[in-house]
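Every heavy atom of this structure was used, including side-chain atoms; hydrogens, water molecules and symmetry mates were not.
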Amino acid sequence: MAQINFGGVMEEVITASEFTLEQAKAVLKNEIIAILGYGVQGPGQALNMKDNGFQVIVGQREGGNSWDRAVADGFVPGKTLFPLEAAAQKATIVQYLLSDAGQMTAWPKIKPCLNPGDALYFSHGFGIVFSDQTGITPPDFVDVILAAPKGSGRTVRTNFLAGSGINSSFAVHQDYTGKARERAIALGIAIGSGYLFPTTFEKEVHSDLTGERGVLMGCLAGVMEAQYTLLRKHGHSPSEAFNETVEELTQSLIRLVAENGMDWMFANCSTTAQRGALDWSPRFRDAVKPVFDELYESVVSGEETRRTLERNSAPDYREKLHEELETIRLSEMWQAGAAVRSLRPENRKP
């Protein structure tokens with residue numbers, strides 16, 4: 001396992017050249033891996049493992065869109081596709097990839113399906129860390145492990161098909177067999193991770209919930225909306241406001257950051273842009289720091305999970321979610337975005 005210097009801090013990472021796919025196959029050769037849930041993370045992880053040659057079955061509620069999607073992806077009812085409980089009973093590794101609210105609801109039926117020596121696998125620490133809210137308390141005769149891709153389920157699959165991988169963390173919450181760490185790493189390699197780094201269930205969920213609500217999604221969406229609205233208020237056209245707020249970021253600048261870091265992006269912009277970014281960055285940092293402090297405390301205290309479970313368990317959740325997303329889609333900013341995307345060269349009809 002490699003020791004890498006991350007900004008002066010030495011950390012362990014595990015790459016696919018150090019723990020190879022063949023090693024993963026040797027570790028998991030007698031395992032039947034059941035993916036429970038075929039919504040967000042399920043399809044990418046299931047298909048990647050299937051393509052990598054592992055024994056994979058899917059558990060999903062019959063008759064819904066996700067069941068039909070699994071069938072379309074090549075899983076066969078009665079052979080590799082089963083109702084949730086049936087899949088869990090057949091498996092030696094249960095990858096519990098339902099939504100957080102779905103995990104809580106299904107747990108009373110899934111727990112009795114676990115046998116001594118099985119592994120219960122998560123891609124998010126939510127259910128275990130906040131078990132006082134979710135009720136998910138595994139029996140003491142199973143391994144409880146985690147491999148958490150640092151990206152969407154869609155990206156897990158597209159990166160795999162492109163020949164790369166998405167980085168994942170891994171953790172062991174309970175080691176009944178003495179092989180929990182080895183199982184977790186092997187599964188991380190099996191799902192196509194670029195590299196793996198160790199964490200704990202607690203650290204994973206605290207960082208993940210903060211990141212989703214912060215820079216990765218919530219903060220990004222809020223900052224974009226604020227700048228777009230400001231530019232429109234001062235007479236800039238929708239096209240100009242959107243291009244300066246979103247298009248240049250996603251199609252140009254963020255790619256430079258991904259390539260070689262923020263300093264590389266600054267170095268490849270105009271001197272005027274460099275000076276402005278360097279001068280204003282600390283002001284934005286200091287302005288949002290209190291918001292991030294409040295956010296992290298809300299995550300650690302369990303307030304974020306409480307609100308999430310309460311809202312996501314409501315019978316009309318999907319209808320209300322559709323309304324919220326529709327409001328975003330129909331806003332001037334994202335209608336402008338749709339128009340801008342349609343004008344990209346790759347989207348123009350010949």
Side-chain angles (χ1 to χ4, degrees), residues 4 6-9 11-13 39-41 44 96-104 121-134 136 144-156 166-173 184 188 193-227 246 249-250 254 257-258 261-262 281-313 317 321 324-325 328:
I4 305 296
F6 287 88
V9 178
E11 290 190 36
E12 175 191 20
V13 300
V40 179
Q41 280 289 335
Y96 208 31
L97 300 182
L98 297 164
S99 69
D100 294 317
Q103 288 183 17
M104 181 178 68
Y121 163 114
F122 295 85
S123 282
H124 191 23
F126 190 115
I128 293 292
V129 174
F130 298 103
S131 60
D132 59 325
Q133 298 181 38
T134 65
I136 298 175
V144 182
I145 57 179
L146 172 146
K150 299 297 102 181
S152 70
R154 177 180 175 84
T155 311
V156 168
I166 195 159
N167 303 331
S168 302
S169 59
F170 74 94
V172 174
H173 178 74
S193 301
Y195 74 82
L196 294 157
F197 60 95
T199 188
T200 66
F201 273 61
E202 289 80 7
K203 292 295 186 185
E204 190 284 328
V205 73
H206 292 166
S207 62
D208 189 76
L209 292 179
T210 299
E212 291 169 348
R213 286 148 179 76
V215 170
L216 301 178
M217 295 176 68
C219 175
L220 182 63
V223 169
M224 284 179 171
E225 184 178 353
Q227 179 171 299
V246 179
L249 169 68
T250 59
I254 205 65
V257 176
M262 190 67 74
S281 174
R283 295 187 62 179
F284 281 109
R285 177 198 63 211
D286 294 344
V288 301
K289 184 179 181 301
V291 180
F292 274 96
D293 288 339
E294 182 181 348
L295 167 58
Y296 195 78
E297 174 57 32
S298 183
V299 167
V300 173
S301 71
E303 175 59 24
E304 290 301 308
T305 55
R306 183 200 62 75
R307 186 167 62 252
T308 296
L309 291 172
E310 182 180 283
R311 295 286 295 274
N312 292 8
S313 299
Y317 171 71
L321 173 64
E324 290 179 291
L325 298 182
I328 295 172

- Query: So does R154 have more than 12 non-hydrogen atoms from other groups sitting under 6.0 Å from CZ?
  - Reply: no
- Query: How many angstroms lie between CG in L97 and OH in Y121, if you round to the nearest 0.5 Å?
  - Reply: 6.0 Å
- Query: Roughly how far, to the nearest 0.5 Å, is the CG atom of N167 from the OG atom of S193?
  - Reply: 8.0 Å
- Just by modelled atom types, is the E294 backbone N or O under 3.5 Å from a matching donor or acceptor in the S298 side chain? no
- Message: Can you classify the ring geometry of F126 versus F130 as parallel (below 30°), tilted (30 to 60°) or perpendicular (above 60°)?
- Response: perpendicular
- Query: In Å, rounded to the nearest 0.5 Å, how long is the span from OH of Y296 to OG1 of T210?
  - Reply: 6.0 Å
- side-chain hydrogen bond (donor to acceptor under 3.5 Å, both in side chains) evaluation trace for E204 with S169: CA-CA 8 Å; E204 190 284 328; S169 59; 5.2 Å; no
- Gap between atom OG of S168 and atom NZ of K150 - 0.5 Å precision: 8.0 Å
- Nearest atoms (heavy-atom pairs only) where E11 meets F6: CB-CD1, 3.5 Å
- Item | Spatial distance of atom CG (L220) from atom OG1 (T250) [nearest 0.5 Å] | 9.5 Å
- Query: What distance separates Q133 CD from E310 CD, expressed to the nearest 0.5 Å?
  - Reply: 10.0 Å
- Task: Identify the two heavy atoms, one from G153 and one from Q41, that lie closest to each other, and give their separation to 0.1 Å.
- Result: N-NE2, 3.5 Å
- Query: Any side-chain heavy atom of Y96 sitting closer than 4.5 Å to one from V144?
  - Reply: no
- Item | Atom CD of E225: over 12 foreign heavy atoms under 6.0 Å | no
- Flag the pair T134 / L309 as yes when at least one side-chain heavy-atom distance between them is below 4.5 Å, and no otherwise. yes
- Item | Residue pair S131 / I136: nearest heavy atoms and the distance that separates them | CB-O, 3.3 Å
- Message: Counting neighbours of CZ on R285 that are heavy atoms of other residues, nucleotides or ligands and sit closer than 6.0 Å, is the number greater than 12?
- Response: yes
- Item | S123 side chain vs A147 backbone, donor-acceptor pair below 3.5 Å | yes
- How about V257 and M262: do any of their side-chain heavy atoms sit closer than 4.5 Å? yes
- Query: Can you list the steps and then say if V223 with F284 is a side chain to side chain contact (heavy atoms under 4.5 Å, CB included)?
  - Reply: CA-CA 10 Å; V223 169; F284 281 109; 5.9 Å; no
- Message: Taking G127's backbone N and O only, do any of them form a donor-acceptor pair with Q103's side chain (distance below 3.5 Å, no angle check)?
- Response: no
- Query: Would you call R306 and E303 a salt bridge, using N to O less than 4.0 angstrom?
  - Reply: yes
- Message: For F201 and F122, take the angle between the two ring planes, folded into 0 to 90°, and tell me which bin it lands in: parallel under 30, tilted 30 to 60, perpendicular over 60.
- Response: perpendicular
- Query: H124 and side chain to side chain contact (heavy atoms under 4.5 Å, CB included): which partner among V129, L209, L146?
  - Reply: L209
